[in-house]
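Just so you know, ligand 1 is whichever comes first in the structure, and atom 1 is the first atom listed for that ligand. The analysis underlying the following values was restricted to heavy atoms, covering all of them including side chains, and did not include hydrogens, waters or symmetry mates.
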Amino acid sequence: MEVHVIRRDNRHLYADILEDYFRLRHQIYVVERKWTDLDRSDKREIDRFDTDDTVYLLGLEGRRIVAGMRLVPTIAPTLLSELFPQLALNGPVRRPDVYELSRIFVVPNRRGEHAGPRAEAVIQAAAMEYGLSIGLSAFTIVLESWWLPRLLDQGWQARPLGLPVDINSMSTVAVIVDVNDQAWTEICSRRSVPGSMLVWQGLAAIERRVIGDPVPAI
Ligand code: COA
């Protein structure tokens with residue numbers, strides 16, 4: 001699996017894959033997870049946080065999607081600022097060096113794998129690599145509380161932004177996670193991720209940081 005960076009500048013190279021992606025999100029979030037508020041007549045799960053500024057990291061095998069993650073700049077509206085502000089006691093984070101992660105998934109037949117690195121770990125390592133590459137200092141995440149020990153166990157420094165709240169019968173919490181080299185090397189070593197996973201197709205002109213280089217100013 002390679003993890004492709006898809007953003008405003010190279011979306012045209014992934015038009016068919018993005019169409020599959022939004023349909024897959026419908027299947028996973030509306031059908032499987034039963035987040036029925038997200039249901040739309042066109043059976044694509046797409047919302048107001050899917051904008052030109054949104055970055056998608058998609059784990060692909062050929063043109064087939066295995067895993068995905070969405071990154072939204074926190075200077076734009078986010079899940080935390082618009083839908084769940086009660087989860088941040090000091091108000092939602094709005095900083096150019098912080099992006100919000102959401103919609104992490106692995107396709108059902110690739111979950112819980114034990115041979116080799118799990119797709120779930122690869123996509124998260126790739127998110128950390130992306131954050132380092134563009135000079136971010138943190139991610140925010142609105143997550144179901146069961147996920148928090150998993151973040152800590154993969155070596156990420158995650159700090160709650162508020163108390164857990166019951167949302168649709170699910171304990172939910174907002175956290176901020178440091179983006180740093182250690183978080184990347186820890187998840188790689190603890191989860192057997194072999195190293196850099198990102199593919200920057202069509203983005204060659206964009207400056208990006210090799211891990212270990214000084215962090216650029218945003
Ligand atoms: N509630 C509680 N625990 C959950 C869960 C849920 N909705 N989804 C997964 N878990 C737990 C599993 O019980 C499992 O625990 P175990 O290892 O002790 O059995 C563990 O997380 C691993 O989950 P699994 O699905 O087997 O494998 P994975 O690590 O490869 O993938 C996800 C994890 C979350 C990426 C995958 O389950 C998925 O894509 N789920 C649908 C999308 C989703 O809910 N994403 C999170 C919100 S955006």
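Distance check on atom 18 (O) of ligand 1: every protein heavy atom falls at or beyond the 4.0 Å cut-off. Within a 4.0 Å radius of atom 27 (O) of ligand 1, the protein contributes one or more non-hydrogen atoms.
Of the listed residues (Arg191, Met170, Arg111), the one carrying the non-hydrogen atom nearest atom 40 (N) of ligand 1 is Arg111. The heavy atom nearest to atom 45 (N) of ligand 1, considering only Leu101, Val122, Ile104, Leu143, is found in Ile104.
Residue Trp146 touches ligand 1 through its side chain alone, judged by heavy-atom distances below 4.0 Å. Residue-level proximity to ligand 1 for Arg33 is carried by the side chain, the only part with a heavy atom below 4.0 angstrom.
No donor-acceptor pair under 3.5 Å is formed between the side chain of Arg110 and the backbone N or O of Ala67. Between the side chain of Arg70 and the backbone N or O of Arg103 there is no donor-acceptor pair closer than 3.5 Å. Between the side chain of Gln86 and the backbone N or O of Val165, no donor-acceptor pair lies under 3.5 Å. For Thr74 (side chain) and Val98 (main-chain N/O), a donor-acceptor pair under 3.5 Å exists by modelled atom type.
The shortest N or O to N or O distance between Glu32 and ligand 1 is not below 3.5 Å. Residue Arg150 has at least one N or O atom closer than 3.5 Å to an N or O atom of ligand 1. Ligand 1 has no nitrogen or oxygen under 3.5 angstrom from a nitrogen or oxygen of Ser102. In terms of N/O distances under 3.5 Å, ligand 1 is not approached by Ile28.
For residues 76-85, every residue pair satisfying the side-chain hydrogen bond (donor to acceptor under 3.5 Å, both in side chains) rule, not counting sequence neighbours, is listed here: Thr78-Ser81.
Contact of the Leu151 side chain with the Leu143 side chain is registered, since non-hydrogen atoms from C-beta on lie closer than 4.5 Å.
Close approach of ligand 1 to Gly112 (heavy-atom distance below 4.0 Å) involves ligand atoms 26 (O), 27 (O), 28 (P), 30 (O). Proximity to Trp147 (heavy-atom distance under 4.0 Å) selects the following atoms of ligand 1: 34 (C), 46 (C).
Of all heavy-atom pairs between Ser196 and Glu129, the closest is OG-OE2, 2.6 Å. Nearest heavy atoms, Ser133 versus Leu198: OG-CD1, 4.5 Å.
The protein heavy atom nearest to atom 47 (C) of ligand 1 is Trp35 CH2, 3.9 Å. Scanning the protein for heavy atoms near atom 48 (S) of ligand 1, the closest one is Tyr29 OH, 3.5 Å. Nearest to atom 39 (O) of ligand 1 among the protein's heavy atoms is Val106 N, 2.8 Å.
With sequence neighbours excluded, no residue forms a side-chain hydrogen bond (donor to acceptor under 3.5 Å, both in side chains) with Asn168.
Ion pairing between Glu144 and Arg33 holds under the 4.0 Å rule for side-chain N and carboxylate O.
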